[in-house]
Protein chains: 2
Amino acid sequence: MITLKHVAELAGVSTSTVSRVVSGKDVVSKSVKDKVEKAIKKTGYIPNVNARALANKNSTSIGLVTPDLSLAFFGTLAAGVIDAADELGVTVDICNSRGKDQNNLNAVKTLIKRGFNNILLDESHCDESKILELCAEVPGLVLMNRFIPQIAERCVCVDNVTGGNMAASYLLDNLHNNIAFITSNSEIADPFDRIHGAKIVMAKHGIDTNNCLVAQAAPTIDGGKQAVLELLNKSDEFTAILAYNDNMAVGAMNELQDRGVRIPDEISVIGFDDLAISTVCRPALTTMHYPIREMADYAVKLSLDLTSSKKTLGTSHKFIPKLIERSSVSKI
Amino acid sequence: MITLKHVAELAGVSTSTVSRVVSGKDVVSKSVKDKVEKAIKKTGYIPNVNARALANKNSTSIGLVTPDLSLAFFGTLAAGVIDAADELGVTVDICNSRGKDQNNLNAVKTLIKRGFNNILLDESHCDESKILELCAEVPGLVLMNRFIPQIAERCVCVDNVTGGNMAASYLLDNLHNNIAFITSNSEIADPFDRIHGAKIVMAKHGIDTNNCLVAQAAPTIDGGKQAVLELLNKSDEFTAILAYNDNMAVGAMNELQDRGVRIPDEISVIGFDDLAISTVCRPALTTMHYPIREMADYAVKLSLDLTSSKKTLGTSHKFIPKLIERSSVSKI
DNA sequence: ATTATTTCTGCAAGCGCTTGCAGAAATAAA
DNA sequence: TTTATTTCTGCAAGCGCTTGCAGAAATAAT
């Protein structure tokens, strides 16, 4: 293993000097710098991350804490984070909490103790207070897919209200005035925000939004099936379903189709997320694209920015989803 | 930050002693051990991984190099690896190579330079020789989803021949004698092995396997569509399709359905992998379950085992896939 | 009781890198 | 030319943990 010392000897300077040119944090005269760089190239020196992390009292990795990588959404998120980190020369340590809040929080604490200053956390259930505590402790902690006003500039999330709004607008524009909602029973803000956003436009169109049909279930394919059944029990008047996410949308479509209703002719369905599944199902699902990769990219930059001296990304920022038109909504 | 020193002071012993009880590698008298453990508990001490890695000249993390986490297969693999590692108290660093072989290999080299002794590599395209080189350099390198005889005991993969065999048997048992293959155009052994396995049983059933219908394409949904089109151009006699994986199977089903052929009444389809998509599509896909999580678990244990003194997992081992019966194959 | 063994524990050096401090060298000012 | 500044560079300590070595303590053997 090539160390600073080897390079220093070859270049005829001290290790401090080499360190300085490597880290670039301090001024080194041009001539010496050249010598050192030549030596580095010649030896193929690569800094030892562990030693560096130890001396710097921090890790060169960023931590990603996420519920379940085997779900397409989080897998895509992780891929985005890794790719973005990679470009900046930092590596990613991933914790998979298997959906349990407490695991998430513990994972964060472990990362902290391991010296991580940069942590991306996707945790939508636990108390805000706990997250605020963590944030106070770790300046480089970025919260993903959840918004907490007090730390707005450290939240990387999608504008769910606008998303719901856009989805409903599209439905309305295509003359579906009787919209039913299939939403998640998770106690998180997203589903409410989306419905809220939808109701805003609906109200503008003169629709009474007080007794909209709403069915809650798990945000999964099966949940979608259950929810649509509940809807069906309550009424048979709706002509469109605005689903919390693609999984629920697909579940609903499947269930509906299994019962002989034609989509989109009899009932239109719109999803949210734009995961692979939305192109696979039949009819292909019209859905709101969730810009996961952009968000992942932004999140790692934000985290790194937060722990660097010169902050450039300071302001709060919500990502706007985008309508992807496919075939699950009947058009005028 | 609590360090060894703090614990040592509290326990009234030297740091070496604390180190020894923490690492458990050396004998410490029961009484002292108790004292130290009490002190550790009291202080909430957590070893600094960086210092440890530096002193040990190795990392406590294992590295996972995988093509693309946003694909369900690899996401599941990663989740399995992380979970398994977690249970053993080691963390996982993931590299996402975005499908480029060279990235994969570079990622491995970088990990090596960073002091990783345990690396799980999923690389199915590059030259065997390169992988063998890497293996020689890193004793804890485990190859996933690919088999190379020279390092058989370090390969964690599925028995593709048996898998193909089982899939074909199921088709045959249900009286589909005219089987067409949709396979991957990747230059890897898996697709050949699966077809090879299938042909073995077919031959046993007296079928001439020399001019089987075979269409190659990318191992994706679109690839499946293309491939089935190619098949259709060549013949209209086959009554069953054995697809390389679920994605291709679903693509094929979609394309077929779009052209009005009923599945499984007119054509049966069987997939491979048992990803989420296979339960989503209609009809739900009968497929061979790929025991990814078990394999992930085995791989991390194997890697750790390889770098530990007492080896226990030495022998070569292939995982056997399992038929998951759903609705895409018509039954007798 | 004395010596030989065995078992523990602490010392101190070292893993590779960073950085405050101070002296050397170069440049500017007087 | 001398003195004051500024710019570089090296020294050495330190980040937290591990471990070979040797001395101390405990146990066994004589």
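To find a chain, count down the sequence lines: A is the first, B the second, and so on, and within it residues start at 1. The structure presented is a predicted model; accordingly, all values stated were derived computationally and were not measured.
Under 4.0 angstrom from either OP1 or OP2 of dT9(D) there lies no side-chain N or O belonging to Thr17(A). The phosphate of dT18(D) (OP1 or OP2) has a side-chain N or O of Arg52(B) nearer than 4.0 angstrom. At dC17(C), none of the side-chain N or O atoms of Ser19(A) fall inside 4.0 Å of OP1 or OP2 (strictly under the cut-off). Distances shown here put a side-chain N or O of Lys25(A) below 4.0 Å from the OP1 or OP2 atom of dT19(C). Contact check, Ser29(B) against dT9(C): a side-chain N or O comes under 4.0 Å of OP1 or OP2. Listed pair Asn50(A) / dC15(D) fails the phosphate criterion, with no side-chain N or O lying under 4.0 Å from OP1 or OP2. Look at Ser14(B) and you'll find a side-chain N or O under 4.0 angstrom from OP1 or OP2 of dG10(C).
Residue Lys33(B) places its NZ atom among 12 or fewer non-hydrogen atoms of other residues, nucleotides or ligands, all under 6.0 Å distant.
Of the candidates dC11(D), dC11(C), dC17(D), dC11(D) carries the atom nearest the Ser16(A) side chain, counting heavy atoms from C-beta on. Residue Lys57(A) has its side chain nearest to dG16(D) when only dG16(D), dG10(D), dT19(D) are considered. Taking only side-chain atoms of Ala55(B), from C-beta outward, the nucleotide of dG16(C), dC15(C), dC17(C) with the closest atom is dC15(C).
Between Arg20(B) and Ser31(A), the one whose closest nucleotide on DNA chain D sits nearer the 5' end is Ser31(A). In this structure, Asp26(B) and Leu54(B) both approach DNA chain C, and ranking their closest nucleotides by distance from the 5' end singles out Asp26(B).
Side-chain N or O atoms of Arg146(B) include one that pairs as donor or acceptor with a backbone N or O of Glu123(B) at under 3.5 Å. Side-chain atoms of Asp127(A) never come within 3.5 Å of backbone atoms of Ser129(A) as a donor-acceptor pair (strictly under, hydrogens ignored).
Nucleotide dA1(C): paired with dT30(D) (Watson-Crick or G-U wobble, both distances less than 3.5 Å). The partner of dT7(C) is dA24(D), judged by Watson-Crick or G-U wobble contacts that both fall below 3.5 Å.
Note on Val18(B): nothing from the nucleic acid sits closer than 4.0 angstrom, heavy atoms only. Residue contacts for Val22(A): at a heavy-atom cut-off of 4.0 Å it reaches no nucleic acid atom on any strand shown.
Summarising the geometry, the separation between NZ on Lys5(A) and C1' on dG14(C) is reported as 10 Å, rounded to the nearest angstrom. Atom P of nucleotide dG16(D) and atom CE of Met1(B) are separated by 7 Å, given to the nearest angstrom.
When the options Val27(B), Val28(B), Thr15(B), Val13(B) are evaluated for a side chain to side chain contact (heavy atoms under 4.5 Å, CB included) with Arg20(B), the one that passes is Val28(B). For the side chain to side chain contact (heavy atoms under 4.5 Å, CB included) criterion with Ile82(B), the lone passing option out of Val300(B), Ile94(B), Leu64(B) is Ile94(B).
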